[in-house]
S.K.: 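This is the structure I want to talk about, given as structure tokens.
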Amino acid sequence: ATPNMFKTIANSTAALKMMWSAFGALGGGKLGAQLGEQIAVAVADVNRCEYCLAAHTALGKGAGLTSETMSHAQIGKSIDPKIQAALTFAIKLVKEKANIAPDDIAALKKAGYTDEDIAEILAHVALNIFTNYTNVAFDVPVDFPKVSLS
């Protein structure tokens with residue numbers, strides 16, 4: 001079955017192509033599915049997107065993450081310092097509307113991220129903002145197991 005989000009965004013061929021190509025590109029990215037899904041649930045929670053929170057929690061579990069890991073990521077937490085740095089940065093990007101400082105980039109680099117990794121984190125955040133806004137604006141019915149916003 002086609003998820004409701006795709007049915008909704010398919011109202012615009014251009015938007016669907018953009019979203020689908022971004023999913024494909026990031027799916028083959030360096031950061032991997034597990035970090036991508038943790039970023040996705042953190043961004044979804046900040047943006048109050050129940051659809052993306054449910055979908056990416058399920059996808060994270062499918063990528064081998066535990067329910068506990070996904071719950072922690074939802075609130076921007078990880079026991080892994082490197083993942084914590086990425087989640088902190090992603091949440092700041094959303095909450096502060098990209099008003100970041102050189103120290104924010106320095107913190108990512110100190111955690112072990114390269115410029116390539118940072119660009120990919122930015123891409124994950126941007127894609128998730130687009131999907132969050134789509135689902136919230138169109139009040140897309142959630143077709144994944146429900147997860148409560150924090």
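One-based numbering along the sequence shown.
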S.K.: Angle between ring planes, Y51 versus F144, binned at 30° and 60°: parallel, tilted or perpendicular?
M.R.: perpendicular
S.K.: Do the non-hydrogen side-chain atoms of T131 and M19 ever get within less than 4.5 Å of each other?
M.R.: yes
S.K.: Distance check, rounded to the nearest 0.5 Å: M5 atom CE versus N135 atom CG?
M.R.: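 If we round to the nearest 0.5 Å, M5:CE and N135:CG are 6.0 Å apart.
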S.K.: Donor-acceptor check, side chain of E37 to backbone of G62, threshold 3.5 angstrom: yes or no?
M.R.: no
S.K.: For the pair N99 and K92, evaluate side chain to side chain contact (heavy atoms under 4.5 Å, CB included) and give the outcome as yes or no after the intermediate values.
M.R.: CA-CA 8 Å; N99 187 21; K92 183 171 185 181; over 6 Å; no
S.K.: Quick check: closest heavy atoms across L16 and A10, and the distance to 0.1 Å?
M.R.: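 Here L16 and A10 meet closest at CD2-CB, 3.9 Å.
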S.K.: Output the distance between atom SG (C52) and atom CZ (F130), rounded to the nearest 0.5 Å.
M.R.: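 It is 10.5 Å, given to the nearest 0.5 Å.
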S.K.: Between L53 and T57, is any pair of side-chain heavy atoms under 4.5 Å apart?
M.R.: yes
S.K.: Could you tell me whether a side-chain N or O of E50 sits under 3.5 Å from a main-chain N or O of L149, the two making a donor and an acceptor?
M.R.: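 Absent.
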S.K.: So, for S78 and Q38, which heavy atoms are closest and what is the spacing to 0.1 Å?
M.R.: OG-OE1, 4.5 Å
S.K.: Going by heavy atoms in the side chains, are Y113 and I105 under 4.5 Å from each other?
M.R.: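 No, side chains not in contact.
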S.K.: Same cluster or not: L127 versus W20, using hydrophobic residues (I, L, V, M, F, W, Y) connected whenever any side-chain heavy atoms lie under 4.5 Å apart?
M.R.: yes
S.K.: How many angstroms lie between CD1 in I121 and CG in L26, if you round to the nearest 0.5 Å?
M.R.: 11.5 Å
S.K.: Same cluster or not: V46 versus I83, using hydrophobic residues (I, L, V, M, F, W, Y) connected whenever any side-chain heavy atoms lie under 4.5 Å apart?
M.R.: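 In one cluster: yes.
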S.K.: Drop me the distance from L35's CG to D117's CG, to the nearest 0.5 angstrom.
M.R.: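 Those atoms lie 9.0 Å apart.
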S.K.: For K97, does the NZ atom sit with more than 12 other heavy atoms under 6.0 Å from it, leaving out its own atoms?
M.R.: no
S.K.: Please identify which of these residues, I129, I9, N11, meets the side-chain contact (heavy atoms from CB on, under 4.5 Å) condition with T134.
M.R.: I9
S.K.: Between the main-chain N or O of A42 and the side-chain N or O of D45, is there a donor-acceptor pair closer than 3.5 Å?
M.R.: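 It does not hold such a pair.
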S.K.: Is there a path of hydrophobic side-chain contacts, each under 4.5 Å between heavy atoms of I, L, V, M, F, W or Y residues, that connects V142 with F6?
M.R.: yes
S.K.: What are the two closest non-hydrogen atoms of Q74 and V147, and how far apart are they?
M.R.: OE1-CG1, 3.8 Å
S.K.: Nearest 0.5 Å, please: how far is CD in Q84 from CZ in F89?
M.R.: 14.0 Å
S.K.: In terms of hydrophobic clustering (I, L, V, M, F, W, Y; side-chain heavy atoms under 4.5 Å; direct or indirect links), are M70 and I39 co-clustered?
M.R.: no
S.K.: Hey, does K7 have a side-chain heavy atom less than 4.5 Å from the side chain of N4?
M.R.: yes
S.K.: Does NZ in K77 sit with more than 12 non-hydrogen atoms of other residues, nucleotides or ligands closer than 6.0 Å?
M.R.: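 No, NZ of K77 has 12 or fewer neighbouring heavy atoms, counting only those of other groups under 6.0 Å.
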S.K.: Would M18 end up clustered with F138 when hydrophobic side chains under 4.5 Å apart are linked, directly or stepwise?
M.R.: yes
S.K.: Would you say that V43 contacts N132 through its side chain, given a criterion of any heavy-atom pair below 4.5 Å between the two side chains?
M.R.: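 Counting from C-beta outward, V43 and N132 do come under 4.5 Å.
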S.K.: What distance do H72 atom NE2 and D80 atom CG have between them, rounded to the nearest 0.5 Å?
M.R.: 13.5 Å
S.K.: In terms of side-chain geometry, is the basic nitrogen of E116 or K30 positioned less than 4.0 Å from the acidic oxygen of its partner?
M.R.: yes
S.K.: Are any of the side-chain heavy atoms of H56 and N128 separated by less than 4.5 Å?
M.R.: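 H56 reaches N128 side chain to side chain.
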S.K.: For the residue pair T69 and K61, establish whether any side-chain heavy-atom pair is separated by less than 4.5 Å.
M.R.: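 No; the side chains remain at least 4.5 Å from each other.
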S.K.: Can you name the nearest heavy-atom pair linking S150 to I75, along with the distance?
M.R.: CB-CG2, 3.6 Å
